[in-house]
Protein chains: 2
Amino acid sequence: MTERRKTPIELKHVPAHMCSTDLRLEILSRVPFFAVLPPHDLAKVNQRFHEKGFSAEEYIYYEGDPAFSLFVVADGRVKLIRHTVSGKDVMLDLLTPGEFFGSLSHLEQELNAETAQAQTNACILTIEKSEFHKILDSFPGVAMAVLEITSRRLNAAQEMIRQISAYSVEKRLAFTLLRLADKFGKNSDVGLLIEVPLSRDDLAQMTGTTTESASRVLSQFHKQGLIESGRQWIAVTDRLALERLAGD
Amino acid sequence: MTERRKTPIELKHVPAHMCSTDLRLEILSRVPFFAVLPPHDLAKVNQRFHEKGFSAEEYIYYEGDPAFSLFVVADGRVKLIRHTVSGKDVMLDLLTPGEFFGSLSHLEQELNAETAQAQTNACILTIEKSEFHKILDSFPGVAMAVLEITSRRLNAAQEMIRQISAYSVEKRLAFTLLRLADKFGKNSDVGLLIEVPLSRDDLAQMTGTTTESASRVLSQFHKQGLIESGRQWIAVTDRLALERLAGD
DNA sequence: CGCTGCCTTGATCTTCTTCAAAACGTGTGG
DNA sequence: CCACACGTTTTGAAGAAGATCAAGGCAGCG
């Protein structure tokens, strides 16, 4: 119930359009599915990638456009969105350095199934679909790791379907906050701070509800002492209570 | 508006607990990710599989149980379900011969994320997780095909999230009927007949709504001349109108 | 200091769920 | 072959959850 309201998030991401080339190798080595490679092979893989900087809010690609490349987040946060005819967007995922997105399929003619947008200033590594498939063919361990990650994402998506189908907005928001805290949480003086600039609207898009409903539920959470929050930031202050609420 | 109401679905599946061993090889060769294998290798793969018959309604495994195996539908229909605390189940998928389910991860200790239940009498091929991974290691083409299928399923799950988040029950049901018609549809004298015994409750579980709401919407579709239906069966009679309604 | 965009809160309205009961079909056993 | 019994489907009425509409407040920034 404290009245701390200034944003505690420090965005120390790269300036837009400035990815350090020197850091690429180090970043690639931390990508889960390249971690299996010996240094020599990793260096070869590195050469196939290009890098590109994006400003916060900038679009990386659009749903429906032809899909040419696979992307890897090197720095910053990237959100994946699907649009709807009514203009209500749905956020499918929020990515952190080391995660990939874009097209996996080797089919030509494929279209992007979602829109990718930089949530913060971001540095993105890209590789042509065909180049990436050469890597998959050369290093079966990489293919297995990609499969493993894709399976986990499928599981997460199906879990989301269960949630939206059967649980209240309150439960879903509690659940979403817990996931975000796991992925982006960092201990700070306001509690377990979620280190991404997240608006009420973002939360709404992640839980399948409206800005207003998300705001109402968060206000209630705050009254109950479960969270601290302000403009574009949220911190979890009572994780156990949130878990009880999410019913997990 | 005709009054044809007798079930037109003929279930000519194997009797329960009786899978013909002779047909296994033929079935495996039609599994998309084994289709890439030459006959000799396929025969070797075949030896690693076991078969088991299930009666309609019988459970194959339960959500939360330890996951030991990967499964392939040889004959019949299998549904994948997630349960909820309120008792409202969510159907994630309805599988047809050639499709796989169960555990892909090589992690021990993994638990089933969903329940698998035979929707009709069914014959299921099973293989130990570790055995399947030997196959993946030996035949990279198989691993790539599995990755491709998993990606498509991820895409389908994410599309479902968009639907449930943003569209009305009416739109979602129209969309679900179209998908079912694509996968299970067969031309018949009542229209494009969906060849699975599907109750209103099944449809509700697939679209994230209740039995009653599903029934109401289907009644309306029937009045509009879009479908023909009866107890546990549905046929699409006006595909174009349904597509218009689904807004695709 | 005022502008812009985000957040909050209230009031109303729509959609869908819930509860209840009746009608129907399908398979069964007489 | 018919009648009964069971599970499925339909329909109505009431209620709840959440969406929508609207207005005001607050933070951060130029």
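So that the names make sense, note that chain A is the first sequence line, chain B the second, and so on, each numbered from 1.
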Roughly how many Å is it from [atom1] in [X] to [atom2] in [N], rounded to a whole number?
X      : N      : atom1 : atom2 : value
A:I227 : C:dC7  : CD1   : P     : 12 Å
A:E170 : D:dA19 : CD    : P     : 14 Å
B:L218 : D:dT10 : CG    : P     : 7 Å
B:I164 : D:dA19 : CD1   : C1'   : 18 Å
A:K88  : C:dT15 : NZ    : P     : 14 Å
B:K223 : D:dT10 : NZ    : P     : 10 Å
B:D201 : C:dT17 : CG    : C1'   : 14 Å
B:Q220 : C:dC16 : CD    : C1'   : 14 Å

Inset, instruction - Please determine if a side-chain N or O atom of A:S219 lies less than 4.0 Å away from the OP1 or OP2 oxygen of C:dT9. - result: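 For A:S219, the contact criterion (side-chain N or O under 4.0 Å from OP1 or OP2 of C:dT9) is met.
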
Donor-acceptor pair, [X] side chain versus [Y] backbone, under 3.5 Å?
X      : Y      : result
A:Q117 : A:E57  : yes
A:T150 : B:S151 : no
B:Q119 : B:P197 : yes
A:D238 : A:G225 : no
A:D202 : A:S199 : yes

Inset, instruction - Answer yes or no: is there an ion pair linking A:R162 with B:E114, defined by an N-O contact shorter than 4.0 Å? - result: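 Salt bridge between A:R162 and B:E114, a charged N being under 4.0 Å from a carboxylate O: no.
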
Inset, instruction - Could you identify which residues of residues 202-216 of chain A place a heavy atom less than 4.0 Å from some atom of DNA chain C, listed by residue number, or say none? - result: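 Per residue number, the list reads A:E212, A:S215, A:R216.
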
Legend entry - Residue list, ring pair (Phe, Tyr, Trp, His ring centres under 6.0 Å) with B:F71, at least two apart or on another chain: B:Y61, B:F101

Legend entry - Contacts of type ring pair (Phe, Tyr, Trp, His ring centres under 6.0 Å), residue B:Y167, not counting sequence neighbours: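 Result, ring pair (Phe, Tyr, Trp, His ring centres under 6.0 Å) vs B:Y167: none returned.
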
Legend entry - Terminal axes of the helix from C:dC7-D:dG24 to C:dG30-D:dC1 (five pairs each): angle between them, nearest 10 degrees: 30°

Inset, instruction - Return each pair, listed once, that meets side chain to side chain donor-acceptor pair (under 3.5 Å) where at least one residue sits in residues 83-96 of chain B; pairs must be two or more places apart or across chains. - result: B:R77-B:T96, B:H83-B:D89, B:H83-B:T115, B:T84-B:S86

Legend entry - Qualifying residue, where the test is side chain to side chain contact (heavy atoms under 4.5 Å, CB included) with A:L203 and the options are A:T209, A:L177, A:V217, A:T211: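 Answer after filtering A:T209, A:L177, A:V217, A:T211: A:L177.
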
Show the distances under 3.5 angstrom between N or O atoms of the protein and N or O atoms of nucleotides 3-6 of chain C.
residue, atom, partner, partner atom, Å
C:dG5, N2, A:R231, NH1, 2.9
C:dC6, O4', A:R231, NH1, 3.4
C:dC6, O4', A:R231, NH2, 3.4

Inset, instruction - Determine, step by step, whether A:Q205 and A:D201 satisfy the side-chain hydrogen bond (donor to acceptor under 3.5 Å, both in side chains) criterion, reporting the C-alpha distance in whole Å, the side-chain angles of both residues, the deciding distance to 0.1 Å, and the verdict. - result: CA-CA 6 Å; A:Q205 290 180 15; A:D201 196 43; 3.2 Å; yes

